[in-house]
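Nothing fancy with the numbering, it's 1 onward along the sequence. What you are looking at is a predicted structure, and each value in this text was computed from that prediction instead of being measured.
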Amino acid sequence: MTRKVSTRHLAVELTAITDAAALASFRWLGKGRKKMGDGAAVDAMRKGFMHMDIDGLVVIGEGEKDEAPMLYNGERVGNGNGPQVDVAVDPVEGTRLLALGKPNSIAVVALAPRGSMFNPGPAFYMNKLVVPAQARGKVNIHDPVARTLSTVAQCLNKSVEELTVFVLDKERHTKLINDIRDVGARIQLHTDGDVAGALMAVMPGTGVDVMMGTGGTPEGVLAAAAVRVLGGEMQGLLDPQSDAEERAVREAGFDLARVLRTEDLVASNDILFAATGITDGVFLAGVTPTPSGIKTSSMVMTGASGTVRRIESVYTPLRHSQLEVQAFA
């Protein structure tokens with residue numbers, strides 16, 4: 001009998017793992033050393049997985065085995081005593097945001113049944129369109145920007161001028177930015193944060209209505225887990241950013257014309273998604289020192305029930321030691 005992934009027991013364990021990563025990386029907040037912050041989070045997250053009741057296979061990790069000593073693509077995690085799952089991790093989503101002390105850096109993990117997560121292989125970049133539940137099934141990534149934004153505006157009972165679009169501030173988006181501004185919509189430009197941008201687009205109250213543009217394919221798979229739980233829609237087209245990447249993607253058998261939908265990226269509703277704020281953000285507060293300990297703000301989404309829980313935790317100095325977090329030693 002196949003064991004369910006999205007249980008409350010595993011949800012609590014998963015949140016503890018993202019908390020540990022956030023606490024470990026917070027030591028490097030604003031110090032300009034993004035590799036050190038990322039490395040601390042990877043180490044803490046990996047140690048957390050050692051005792052988790054799953055038989056996990058990392059599909060979205062920190063890179064290939066030869067390049068990433070921990071949480072690499074293909075690594076086995078968990079104690080082997082639970083359900084067989086695909087694992088997607090981003091121990092610090094927004095390493096540059098962390099290094100510069102900017103908002104919206106988060107620690108993220110998603111689980112889904114084995115074989116249900118899209119494996120991007122050599123496809124590093126994907127053009128994405130993310131819309132909230134009200135516009136699900138009514139947009140097409142091939143449509144012109146003006147048509148897409150008009151459709152979303154109608155679905156949200158807004159004018160196009162009232163829409164806000166999340167776009168990564170990259171040179172490749174010059175035309176996209178101009179097209180959005182030509183129709184009168186607002187733009188939020190962010191240097192980093194693919195997963196956070198997708199979450200903003202599907203969660204109410206974030207001030208973002210749509211996410212558009214090319215970002216990381218691995219981040220797209222991770223974000224798709226949350227988008228699916230929240231009832232939104234993601235559409236993607238693999239978008240190689242170099243001739244070498246395009247050759248590798250084609251040789252791996254990927255069809256660049258295929259629209260990858262939410263269900264293609266995560267082909268199950270039995271999903272767990274957890275995120276903890278590292279720096280203060282739109283939907284999660286960052287790690288915060290208090291007189292009684294260090295406070296974290298997390299959310300965990302359970303796909304089977306469609307539940308989103310917000311969790312605030314306070315870790316005493318003793319608990320920091322148990323987590324092997326040295327940020328506040």
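Heavy-atom minimum distance, Trp28 versus Ala40: NE1-CB, 4.0 Å. Residue Asp270 comes nearest to Pro113 through the heavy atom pair O-CD, 3.1 Å, listed as atom of the first residue, atom of the second, then distance. Of all heavy-atom pairs between Val229 and Met301, the closest is CG1-CB, 3.8 Å. Taking both residues in full, the closest heavy atoms of Gly220 and Met234 are given as O-SD, 3.5 Å, listed atom of the first, atom of the second, then distance. Taking both residues in full, the closest heavy atoms of Val165 and Ile180 are given as CG1-CD1, 3.8 Å, listed atom of the first, atom of the second, then distance. Nearest heavy atoms, Ala133 versus Leu230: CB-O, 4.3 Å.
A salt bridge links Arg258 and Asp264; the closest N-O separation between the charged side-chain nitrogens and carboxylate oxygens is under 4.0 Å. Using a cutoff of 4.0 Å between basic side-chain nitrogens and carboxylate oxygens, Arg247 and Asp243 are not scored as salt-bridged. Salt-bridge check for Glu263 with Arg228: failed, with every basic side-chain N at 4.0 Å or more from each acidic carboxylate O. No salt bridge links Arg186 with Asp209; every basic N to acidic carboxylate O contact stays at or beyond 4.0 Å.
Proximity of Leu129 to Met211: side-chain heavy atoms (C-beta onward) are nowhere separated by under 4.5 Å. The closest side-chain heavy-atom distance from Thr95 to Lys35 is not below 4.5 Å. Between Pro240 and Leu256 the shortest side-chain heavy-atom distance falls below 4.5 Å. Looking at heavy atoms from C-beta onward, Val87 lies out of side-chain contact with Val59 at the 4.5 angstrom threshold. Side-chain contact between Arg309 and Arg8 is present, with at least one heavy-atom pair separated by less than 4.5 Å. No side-chain heavy atom of Arg114 sits under 4.5 Å from any side-chain heavy atom of Val85. Taking 4.5 Å as the limit, every side-chain heavy atom of Asn157 sits out of range of all side-chain heavy atoms of Gln134.
Rounded to the nearest 0.5 Å, atoms CZ (Phe124) and CD (Gln241) are 12.0 Å apart. Atom OG of Ser298 and atom CD of Glu312 lie 9.0 Å apart (nearest 0.5 Å). Distance check, rounded to the nearest 0.5 Å: CG of Leu222 to OG1 of Thr217 gives 12.5 Å. Rounded to the nearest 0.5 angstrom, Glu161 CD and Leu149 CG are separated by 10.5 Å. Separation of atoms CD1 (Ile17) and NZ (Lys47) is listed at 13.5 Å; rounding is to 0.5 Å.
Applying side chain to side chain donor-acceptor pair (under 3.5 Å) to Thr296 and the options Thr288, Thr276, Asp19 leaves one that passes, Asp19. Paired with Phe273 under the rule side-chain contact (heavy atoms from CB on, under 4.5 Å), one option of Leu111, Val227, Leu199, Thr18 passes, and it is Leu199.
Within 6.0 Å of atom NZ in Lys170, more than 12 heavy atoms from other residues, nucleotides or ligands are found, so the atom counts as buried in its surroundings.
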**Prompt:** Between Glu219 and Lys128, is a side chain to side chain contact (heavy atoms under 4.5 Å, CB included) present by the stated rule, with each step listed?
**Reply:** CA-CA 11 Å; Glu219 289 84 353; Lys128 305 167 194 173; 4.1 Å; yes
**Request:** Apply side chain to side chain contact (heavy atoms under 4.5 Å, CB included) to the pair Val77 and Arg46, showing each step before the final yes or no.
**Result:** CA-CA 8 Å; Val77 296; Arg46 188 171 188 264; 5.5 Å; no
**Prompt:** Thr151 and Asn140: side chain to side chain contact (heavy atoms under 4.5 Å, CB included), yes or no, with the steps?
**Reply:** CA-CA 10 Å; Thr151 300; Asn140 188 319; over 6 Å; no
**Message:** Using side chain to side chain contact (heavy atoms under 4.5 Å, CB included), reason through Thr302 and Leu272 one step at a time and then give a plain yes or no.
**Reply:** CA-CA 5 Å; Thr302 306; Leu272 277 180; 3.8 Å; yes
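Defined by atom type and a distance below 3.5 Å, a donor-acceptor pair is present between the side-chain atoms of Thr214 and Asp239. With hydrogens and angles left out, the side-chain atoms of Ser105 and Thr279 include no donor and acceptor closer than 3.5 Å.
Val108 and Val92 sit in two unconnected hydrophobic clusters of ILVMFWY residues. Membership requires side-chain heavy atoms under 4.5 Å apart, directly or through other members.
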